[in-house]
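Below is one structure; the comments refer to it alone.
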Amino acid sequence: MKILLASPRGFCAGVNRAISALHEALRIYGQPLYVFHEIVHNTWVVQDFRQHGVLFVDTIDDVPDGATLMFSAHGVSPQIRQHCAEKNIHIIDATCPLVTRIHNQAIRLAASGCQIILIGHAGHDEIIGIVEEAPTSIQVICSETEAEMLTLDSVRPVAYLTQTTLSTAEAEKVIAVLKRRFPEILAPQTSCICFATQNRQRAISELASHADIALIIGSRNSSNSRRLWELAQKQGVQSYLVDGPADVDLSWFMPTQTVLITAGASAPENVVQDVIAKIETRFPSEVEEREVCAETLQFNPPKF
């Protein structure tokens, strides 16, 4: 068997920043340490931090007054920040800088009177935080059909933004409908879909034709991991989204196949290696890493 190991894969700069910050916060503040929502959408990362005493909460009411709380990489709404201030909670903001950039664009566009079309998945943590920056000015859509059905004020200017973890190809289809229906629509200052998401999607697109089967390693609540799985399927390759080695069924494989393996931006590299090790218990394999592009960007840590 041949295993093609896609590169880049796994942790992006924003995830590295958030996870490193949480380790540092544990060192500085000890337990109890609270995180609003999952620090990143990955079962293994969250379980590991729980074992080290981190408490993940979904409401600020569960955080004691004066405690230390970290915001996840997905960002939060201004209402959450205000609630924390009222409870005198010490905040460490691990929001990905690329998500923060979209928050800031939404604030500026709304202040200028724009109607904002936010392309993304309603209910995702990232989308919730952005919408609440200007709830009366933002509409969320996720498909070409919804773009066709939009009703907007014909007098006010229109702009669009996107979730950072979307499929680039699918987002472009929705944007094309918006541009056809609203020719004067304002585009973001820079692409909202993060560079790491685009790079991992590019790797799948370029390598899928060389494989018989593809494994996408990532948790099911990870948007970027699901987009990789969908993209691999659309490339015509039998594909599976797996959280770890326990999800891998060895009956999927044949000894002479080529298997493409990649990982979503919140999936740890040790889990990737564990999946490979499980495959190799049945199928002796040649592992070849294929680098499609290099990633060197790093973000400064948040303030403590």
Side-chain angles (χ1 to χ4, degrees), residues 10-103 120-121 123-133 163-165 194 196-197 218-226 243-244 263-271 298-304:
F11 286 175
C12 63
V15 167
N16 267 322
R17 177 179 185 266
I19 290 175
S20 297
L22 189 47
H23 280 298
E24 182 66 5
L26 274 171
R27 185 188 69 79
I28 295 172
Y29 300 104
Q31 305 174 22
L33 181 64
Y34 295 84
V35 176
F36 188 65
H37 297 323
E38 295 183 347
I39 186 67
V40 296
H41 286 155
N42 184 267
T43 303
W44 302 95
V45 172
V46 171
Q47 286 179 349
D48 181 65
F49 277 118
R50 280 198 175 113
Q51 291 171 1
H52 287 83
V54 174
L55 302 173
F56 295 93
V57 298
D58 291 321
T59 173
I60 302 304
D61 291 334
D62 290 337
V63 183
D65 291 7
T68 298
L69 171 72
M70 180 173 287
F71 293 150
S72 78
H74 310 102
V76 299
S77 69
Q79 290 83 352
I80 294 296
R81 295 179 185 276
Q82 179 60 35
H83 196 177
C84 289
E86 293 167 356
K87 291 171 64 71
N88 196 33
I89 292 171
H90 173 61
I91 293 301
I92 305 168
D93 189 356
T95 303
C96 175
L98 301 181
V99 175
T100 298
R101 185 173 66 187
I102 300 175
H103 278 251
H121 302 283
H124 188 278
D125 292 341
E126 180 183 326
I127 292 294
I128 292 171
I130 296 168
V131 168
E132 289 303 314
E133 294 288 5
Q163 186 175 332
T164 60
T165 54
C194 89
T197 295
S219 297
R220 294 195 173 274
N221 63 338
S222 166
S223 176
N224 75 86
S225 297
R226 292 189 68 85
D243 207 356
S266 52
E269 179 62 19
N270 68 291
V271 179
Q298 297 181 350
F299 294 129
N300 292 327
K303 294 181 181 178
F304 287 86

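What you are looking at is a predicted structure, and each value in this text was computed from that prediction instead of being measured.
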How far apart are the C-alpha atoms of I80 and F71, what are their side-chain angles, what is the distance that settles it, and do they pass the side chain to side chain contact (heavy atoms under 4.5 Å, CB included) test?
-> CA-CA 10 Å; I80 294 296; F71 293 150; 3.9 Å; yes

Step-by-step side chain to side chain contact (heavy atoms under 4.5 Å, CB included) determination, V35 to V46 = CA-CA 10 Å; V35 176; V46 171; over 6 Å; no

Let me see the working for T100 and T95 under side-chain hydrogen bond (donor to acceptor under 3.5 Å, both in side chains), right down to the final yes or no.
-> CA-CA 7 Å; T100 298; T95 303; 4.8 Å; no

Start with the C-alpha distance between C84 and F36, add both sets of side-chain angles, then the distance that settles side chain to side chain contact (heavy atoms under 4.5 Å, CB included), and finish with yes or no.
-> CA-CA 11 Å; C84 289; F36 188 65; over 6 Å; no

Output, in order, the C-alpha distance, side-chain angles, deciding distance and verdict of side chain to side chain contact (heavy atoms under 4.5 Å, CB included) for T197 and T164.
-> CA-CA 8 Å; T197 295; T164 60; 5.5 Å; no

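Rounding to the nearest 0.5 angstrom, the gap separating the CE atom in M70 from the CG atom in L26 is 8.0 Å. Note that NE2 of H41 is 4.0 Å distant from CG of D125, once rounded to the nearest 0.5 Å. Separation of atoms CH2 (W44) and OG (S266) is listed at 13.5 Å; rounding is to 0.5 Å. For the atom pair CG (N221) and CZ (R226), the distance works out to 9.5 Å, reported to the nearest 0.5 Å. Atom-to-atom distance recorded for C194:SG and Q163:CD is 10.5 Å, nearest 0.5 angstrom. Here L22 contributes atom CG and R27 contributes atom CZ; the two are 13.0 Å apart, rounded to the nearest 0.5 Å.
Residues S223 and H124 form a side-chain contact, since some pair of their non-hydrogen atoms from C-beta on lies under 4.5 Å apart. Residues E38 and S72 form no side-chain contact, since every pair of their non-hydrogen atoms from C-beta on lies 4.5 Å or further apart.
Listed here is the closest heavy atom pair of I92 and A25: CD1-CB, 3.8 Å. Shown here for F11 and P268, the closest heavy-atom pair between the two residues is CE2-N, 3.6 Å. The shortest heavy-atom contact between A196 and C12 is CB-CB, 3.4 Å. Closest approach of A94 and I39 over heavy atoms only: CB-CD1, 4.4 Å.
Not counting sequence neighbours, the partners of H90 by the ring-ring contact (aromatic ring centres under 6.0 Å, His included) test are Y29. Partners of H103 according to the ring-ring contact (aromatic ring centres under 6.0 Å, His included) rule, which considers only residues two or more places apart in sequence or in another chain, do not exist here. Listed by chain and residue number, H23 satisfy the ring-ring contact (aromatic ring centres under 6.0 Å, His included) test with F49 (two or more places apart in sequence, or in another chain). Not counting sequence neighbours, the partners of R101 by the side chain to side chain donor-acceptor pair (under 3.5 Å) test are T190.
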Side-chain donor-acceptor pairs under 3.5 Å in residues 51-58, sequence neighbours left out?
unit_1	atom_1	unit_2	atom_2	d
H52	ND1	D48	O	2.8
D58	OD1	H37	ND1	2.8

Side-chain donor-acceptor contacts of residues 60-67 below 3.5 Å, not counting sequence neighbours, with atom names and distances?
unit_1	atom_1	unit_2	atom_2	d
D61	OD1	H83	NE2	3.4
D65	OD1	K87	NZ	2.8

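Within a 6.0 Å radius of CD in Q298, other residues, nucleotides and ligands contribute 12 heavy atoms or fewer.
Each of R81, R17, K303 was checked for a salt bridge (charged side-chain N to carboxylate O under 4.0 Å, His left out) with D93, and the lone residue meeting it is R81.
Judged by distance alone, the side chain of S219 and the main-chain N or O of T43 form a donor-acceptor pair under 3.5 Å.
Side-chain contact check for E126 and T165: no donor-acceptor pair (N or O, by modelled atom type) lies under 3.5 Å.
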